[in-house]
Protein chains: 2
Amino acid sequence: MRTQLRTIKGIIKEQIAGGLYTCQQKLPSERELSELFQTTRIILKDALIGLETEGLIYREERRGWFVSPPRLKYNPLSRSHFHRMVAEQQRQASTRVLDIKTELASSDVAKVLELKSLQSIHRIQRLRSVDNRVVLFVENCLITTLFPGLLQHDLSQSLTSLYKEHYGYHTVHSHFDVIPTAAPEHVAKALNLAEGQQILKICRVNYNQNGLLMDCEFEYWRPDAVMIRIDSNEH
Amino acid sequence: MRTQLRTIKGIIKEQIAGGLYTCQQKLPSERELSELFQTTRIILKDALIGLETEGLIYREERRGWFVSPPRLKYNPLSRSHFHRMVAEQQRQASTRVLDIKTELASSDVAKVLELKSLQSIHRIQRLRSVDNRVVLFVENCLITTLFPGLLQHDLSQSLTSLYKEHYGYHTVHSHFDVIPTAAPEHVAKALNLAEGQQILKICRVNYNQNGLLMDCEFEYWRPDAVMIRIDSNEH
DNA sequence: CCTAATTTTTGGACTAGATCAGAAGGCGAC
DNA sequence: GTCGCCTTCTGATCTAGTCCAAAAATTAGG
């Protein structure tokens, strides 16, 4: 079927491929585009949503639509730090600590950390950007008893090196899940997404050299910003 | 904000959690639901799309909306056959061969298979179901010269065992990418999706015991049907 | 019973608007 | 300069429908 929707998607796609818009550039507003294509905002928006699903464009809530840069290649099995990984791909990384607190584990977290009763955890929320675009919300939950005095350290750096230098812990084993789902409210807010938009959730659990479960990490990626690449030899 | 959209999503979510609808059961039609919730079809559909994004429900094109069963846990690194993996999770698998042909590699495929000039490949398209629900479209592209007389074999079974028994090939090394993107037309049709709907694409490349690139595989999963689970020890 | 034509149901595409809330920018008071 | 207000711009939510195409159910004919 040659529908309007298809046609519009096709044209915008070509314009992006042809370089009319460059990476991270803002598209005209929905109102302007719908006028340009002689259609209603609803159909135009459906077209944009289609391209968003494909990973060609992304939106920032109430800010507009933008062209997606190439996906970052990410291997969750590698112990490489975020900043190093990004730099290796000729991109620029930055991290901002959003919140740090010590609190009782929620039932979700308790389950992942295999805690029997309600137990205290350190909860660190950070926001990571690539080339000045916010793409990842990370939440780390560490078992308090294993990390005394954690809050006194600089948490804007890599947690892996902090574990090693201050506590002598190495991550020798980990497992993780990759789940396509919707952004929960606090994540959506941090990533400038509308609530309920698609994200890629990675839930990882780390064990130290004594086989002890140390912490877990919830990563919420903007889905157009990343591709997971795993090699069976590289670990 | 307490919007209608949120409220409707919340109610349907509760109804699903509360067991009003069971797995794979059809929800009432969009028209019925919009009347029930005293709203327009557009808003109601937005609510359903939200739940779809979360992975709670799924749709079959022009058939209706259904409640998603629990996600299948899938480890692309494990050499386990699809049918065995599904059986291990107390679910029932089935596979249907859609199409087999021998043709010149498209530029996409040629790139993945590292073919220098246009070269012939065997292309096998299969459709896989779990508990009678179609969840996965798989396309295998094998380098023709490595698999003489392939078309004479039974291709409804596992390709891995076919490689081993008839050609003496073992997959000793592989790498793969996981990409959230939209379903291309032929995939959407096979999975009963509307074109452009969200899928999880896994693109894998296999090498045999001589380090020779043998084949690649494109998997297109219904995103609510699967979660990828990888353990750093298990390979 | 089976097959084929027909009707009904379904979601998909579409129109033409209004209202709302948050983000961003400009402007004035200090 | 900077802080707060206020306007403008943006997408998000919402109304009230129509028409279309494919799927499913029903019906009629053999």
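In what follows, every heavy atom counts, from backbone to side chain, and hydrogens, waters and symmetry copies are set aside. Note on naming: letters A, B, ... go to the chains in the order of the sequence lines (proteins, then strands), and numbering restarts at 1 for each one.
Nearest to the side chain of B:R31, among C:dG12, D:dG11, C:dT15, sits C:dG12. Of all nucleotides listed (C:dG11, C:dT15, D:dT10), C:dT15 comes nearest to the side chain of A:T40.
No side-chain donor-acceptor contact under 3.5 Å links B:T53 to the backbone of A:A182. Side-chain N or O atoms of B:R222 include one that pairs as donor or acceptor with a backbone N or O of B:L191 at under 3.5 Å.
Counting distance only, with no hydrogens placed and no angle test, the side-chain atoms of B:R41 and the base atoms of C:dG12 include a donor-acceptor pair under 3.5 Å.
Residue A:T3 places no side-chain N or O under 4.0 Å from the OP1 or OP2 atom of C:dA13. OP1 or OP2 of C:dG12 lies within a sub-4.0 Å distance of a side-chain N or O belonging to B:R59. The shortest distance between the side-chain N/O atoms of B:T39 and the OP1/OP2 oxygens of D:dT15 is below 4.0 Å. For B:K45, no side-chain nitrogen or oxygen approaches OP1 or OP2 of C:dG11 to under 4.0 Å. Taking only side-chain nitrogens and oxygens, B:Q4 never comes nearer than 4.0 Å to OP1 or OP2 of D:dA12.
Electrostatic pairing of A:E103 and A:R123 counts as a salt bridge here, judged by a charged N lying under 4.0 Å from a carboxylate O.
Rounded to an integer number of Å, the gap from CZ of A:R6 to P of C:dG12 is 14 Å. Atom pair A:I43:CD1 and C:dC14:C1' shows a separation of 5 Å (rounding to whole Å applied).
Geometric assessment of B:R126 against the ring of B:F82 yields a negative cation-pi assignment under the 6.0 Å and 45° thresholds.
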Sort me out a list of protein N/O and nucleotides 22-26 of chain C N/O pairs below 3.5 Å, or just none if empty.
{"residue": "C:dG22", "atom": "O4'", "partner": "A:R62", "partner atom": "NE", "Å": "3.3"}
{"residue": "C:dA23", "atom": "O3'", "partner": "A:R63", "partner atom": "NH1", "Å": "3.2"}
{"residue": "C:dA24", "atom": "OP1", "partner": "A:R63", "partner atom": "NH1", "Å": "3.0"}

